[in-house]
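Below, chain A is the first sequence line, B the second, and so on; all start at residue 1. Reckoned from all heavy atoms, side chains included, excluding hydrogens, waters and symmetry mates.
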Amino acid sequence: MSISFTLDGREVEARAGETIWQVARREGVEIPHLCYSPAPGYRADGNCRACMVEVEGERVLAPSCLRRPSPGMKVATDSARSKAARAMVMELLLADQPPREAAHDPDSKFWRWADKLGVTESRFPARHAPAPDVSHPAMAVQLDACIHCGLCVRACREVQVNDVIGMGRRGHHAKIVFDLDDPMGHSTCVACGECVQACPTGALMPSSVLDKEGRKSREPDRSVDSLCPYCGVGCQLTYQIEGNKILQVDGRDGPANHNRLCVKGRFGFDYVAHPQRLTRPLIRKPDVPKDADDFVDPSDPSTHFREATWDEALDVAAAGLRTIRDTFGGRALAGFGSAKGSNEEAYLFQKLVRTGFGGNNVDHCTRLCHASSVAALIETIGSGAVTAPFSECVHSDVIVVIGANPTVNHPVAATFIKGAARRGAKLVVIDPRGQGLSRHATHHLRFKPGSDVALLNALIHVIIEEGLYDRAYVDRFTSGFEELRARTFAFSPEKMAPVCGVDASTLREVARLYGRARSALIFWGMGISQHVHGTDNARCLIALALLCGQVGRPGSGLHPLRGQNNVQGASDAGLIPMFLPDYHRTNDPAAHADFEKYWGVNLDPEPGLTVVEIMAAILRGSIRGMYIMGENPAMSDPDARHAREALAKLDHLVVQEIFLTETARHADVILPSTAFPEKTGTFTNTDRRVQIGRAALQPPGDARQDWWIVRDLARRLGLGWNYEHPSEIYEELRGCMPSIRGISWGRLEREGAVTYPCPSESDPGHELIFAEGFPTPTGRGKLVPAEVSPPDELPDDAYPMVLTTGRLLEHWHTGSMTRRATVLDRIEPEAAVHVAPADLRRLGANPGDRLRVSTRRGSIELAARSDRDVPPGLIFIPFCFAEAAANLLTNPALDPFGKIPEFKFCAAKVEATGAG
Amino acid sequence: MASDVTTPMLSEAIRDKIRAFIPRYPNKRAVTLPALHIVHEYFRCVPYQAMAEIAEILEITPAEVHDTMSFYGFFPQAPIGDVRVWICRSLSCMITGGDEMLEHACKKLGVRSGQTTPDGKLTVEFAECLGICDFAPAALADDGRIFGPLTPEKVDAMIEELKKDKDPVDPTHGLGSSAGPATPSRPEG
């Protein structure tokens, strides 16, 4: 309800909950503020007193950032008394500041207000100025400019919920501290940079804009609103650019991130300007044979390749593909697109494979991440996407996070989960490894790796046998209940406890917690999907949600956290072998006919091969040529040695890349393409949110837009493509994808983000879906029981440990971008295997020592890291380090439904090789 | 980031003592102060690593422990002397010469306020109101002994008294001693 009051003699309306400051801003009245930030997520604190206003009839001035108006209140923002008080506050604060000419940021919010208030000198003595702390590679801490407004504390504790920054000591001695008053670079700071973005004085600044004296020396000349290129969260950001260089990245108030970013998004941008960027097309020298173990220095490709013009390179690239197609047929070719490219690039790439190569052998890294989740979701609820955005967890009573480590892999999504837990939601983390969410969790079930189905079936068992399921929902919206009941009857917690390593009472407690929740959201990640029983794991989670009716309502849902920035969109656009755009099966006669008409060519109805299958087919000799755009299977495929053999065996390999990756070493032609900040396109985040990324930089040298390269290659394969702008490609995709029909390019340019399904331009888009049944033939969700099956390769005497793989916070996927981002590689420069402290002692090794890790597929050497989050018997290796590629070790055994390899479990042996 | 580098500083016995407080409070965070006192009592300071371990036991972050620890003037991070004595400088004591008594004590001991004598026997500090204004200017030792009203001579006597090897069994030892006329009826500090 709104109320009216008087602001500077004018009658104004305050909306429910608005403060005097907020009303004033809406009315165009400026009130100074330092400790208050109108950015989303920041609580007003009222500590700086720079926003004091006078309220008629009140003895003391009121902080306008906190005070809410009451009906009839008379507020003066510009009375002599309030102005004098505010000027005094500035003068007192100014006393401790470095002089203006030496200010770290002379254009800070603090100095701008000082100028506006005309207070530029102070009569008061300064207190002791703390020494600068430049221990962090990305941020400089110069507390001589600190005014103790506490915005950084709120940024760290309340917005990002990292709890690293504190206000140490008291009164005159108060000081911003990291952890236990550690230097920032030695603290547990995760470098999200939220504090830097919040600081109003320049006490916390990105190092990238500072000179040696710690003063801001570089100013952007323009800024471009775009997106983060890393994970599936889809953070909106602004690139601050000087010339053709990104100076700084700021978070933007997008629906997925509300200004927040993580270390990768904020500080991991300078890979685009790395000297190893490919700038000219390269053709393999005729006398250089291919070899699986070959090494090419990305700084000097001339050992293996020679530079060529675009015309020559595209001619050679196309001729090789054409010859194979014309001799062996379209199925002898395959293409890997990328979940890092735009929707337009994904659509164009799969269209090229399907219409230009003439087969369906097109896939991308979704096969390696959520293929099993999507298989289970499509089988059960008829749709492979999330049912609710991750931010919906702020409305949940119970949040389950299983097989996901969002503080590392989806850091901004994790801030919403942590924030919800802090406000009282019950958080259940289910993961063999400890993780960043553990301390926020009411329960952390550290179960035995690979025993997911046993654990989840036990939960289902309790929910059914104790009658905790939602009968009305099950009757109305699901099928298969009786079979599920019968098949899970034997999975009592008491029987499953020894199998999964979690005691029966805890299993019952968690099942009851979920079963009785008013609203519950399940998040899952690769820990669920990357198993030979990945589809079964996902089926269990879906069954849990369907049983309890936890779909389609506020705070409820199923959310497989998508890993890549456009893995949702690339899949939607048909960059997968069994589906045409919008998940029409290639062998569905109606869809087949529609697309033959839409594209005007004959299509192969036979579903194509998946990522790992394609590698096997190359070694069998049935696939002879490949086109790879932005993927790095030589690093990302399981049993990577095998993948490298396959790549080296190809008659013809065309790689389109920004760097000479491990995959590009085996290429015949390398086509230099554009990095994210150099391209314009649409990207669909984990929430089904379609967003627009805008080009901020010119590509280096002769590098070209990916869509341009695909188009010109297509022309040489006989396709008459005339696209001149990504918008034309997007509009063609929109024409065959009803779920985004209401999201035109123009609308995206205007609104920045729209969530599908969105059938018409006037539709706002839909975040929560499936409140009333599912897009299945019966309209019901299917409850599919799962049997316990063991991982493919169990530990034995020769290989007694379990190896699991994943990512680090700082490094993205195979590291081709982040290992070349200065800040990120400085924080995590070295390949390491994470080992339980007890296991490390047993090996007689110390942290930092070299260890040899071997499996039946290969062996790597890397540094030991003692990690209490890792349970004894398990080891964890991030797969981003080319010098010790974890995927040389992993098991290529596939889930039979999703065809996803078992990256999360294989038998391994660890040996100490000596001091590091 | 949980990474194992060192062996724990807090023994199981100390950990148990801290954990025993947990059921007495609505949440674990509330045990921060008792935990700091337990650690302080044992080490005569709150070492850096102990704070990290308290954070782990209470499942809070190091910054939260540090905020609480550093808010109070009570917890030193390096070991203090066998006896710690506070000389009051709040109103009643100030107007009767508390500041001068502190200065005198410091001069006599050759340390600054907050420092420990080189022999490790005595740490002298100022305090804001000790609540013994009836003996202003007053001092309080951390074993409970009260001294006052102080004069330069009585400060000298107090120092001598405090530097004597402590009698471990009698915490009321100082009361009524030659250094001050504290009455036995006063509660111990």
Would the number of heavy atoms belonging to other residues, nucleotides or ligands and lying under 6.0 Å from [atom1] of [X] be above 12?
| X | atom1 | result |
| --- | --- | --- |
| B:Glu100 | CD | yes |
| B:Glu128 | CD | yes |
| B:Arg29 | CZ | no |
| B:Tyr42 | OH | no |

OH of B:Tyr72 to CZ of A:Arg170: how many Å apart, nearest 0.5 Å? 9.0 Å
Hey, what do you get for CG (A:Leu180) to CD (B:Gln77), rounding to the nearest 0.5 Å? 8.0 Å
Per-residue contact mode, A:Val177 against chain B (heavy atom under 4.5 angstrom):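 Only the side chain of A:Val177 comes within 4.5 Å of chain B.
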Applying a strict 4.5 Å limit to non-hydrogen atoms, the region of A:Leu840 in contact with chain B is neither
State whether A:Arg439 and B:Glu56 are salt-bridged, where the test is any N-O pair (Lys NZ or Arg NE/NH1/NH2 against Asp/Glu carboxylate O) under 4.0 Å. no
Pair B:Asp67 + A:Arg157, salt bridge at N-O below 4.0 Å: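 A:Arg157 and B:Asp67: salt-bridged.
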Does the side chain of A:Asp182 come under 3.5 Å of the side chain of B:Tyr48 through a donor N or O and an acceptor N or O?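 B:Tyr48 and A:Asp182 do have a side-chain donor-acceptor pair below 3.5 Å.
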Answer with side chain, backbone, both or neither: which region of B:Ala52 has an atom nearer than 4.5 Å to a non-hydrogen atom of chain A?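 Both backbone and side chain of B:Ala52 come within 4.5 Å of chain A.
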Would a distance-only check, ignoring hydrogens and angles, find a side-chain to backbone donor-acceptor pair under 3.5 Å from B:Thr61 to A:Asp163? yes
So, does B:Ser70 use its side chain to make a donor-acceptor pair with the main chain of A:Gly168 at under 3.5 Å? no
Please list, chain by chain and in numerical order, all residues satisfying side chain to side chain contact (heavy atoms under 4.5 Å, CB included) with A:Thr415, sequence neighbours excluded.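 Listed in chain order: A:Gln160, A:Arg260, A:Val412.
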Counting heavy-atom pairs closer than 4.5 Å to chain B, which one of A:His173, A:Lys175, A:His834, A:Met167 comes out on top?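 Option with the top pair count is A:Met167.
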Using every non-hydrogen atom in the two residues, find where B:Ala63 and A:Gly166 come nearest and quote the distance to one decimal.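 Looks like CB-N, 4.3 Å.
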ring-ring contact (aromatic ring centres under 6.0 Å, His included) against B:His66, all qualifying residues, sequence neighbours excluded: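 ring-ring contact (aromatic ring centres under 6.0 Å, His included) list for B:His66, sorted by chain: empty.
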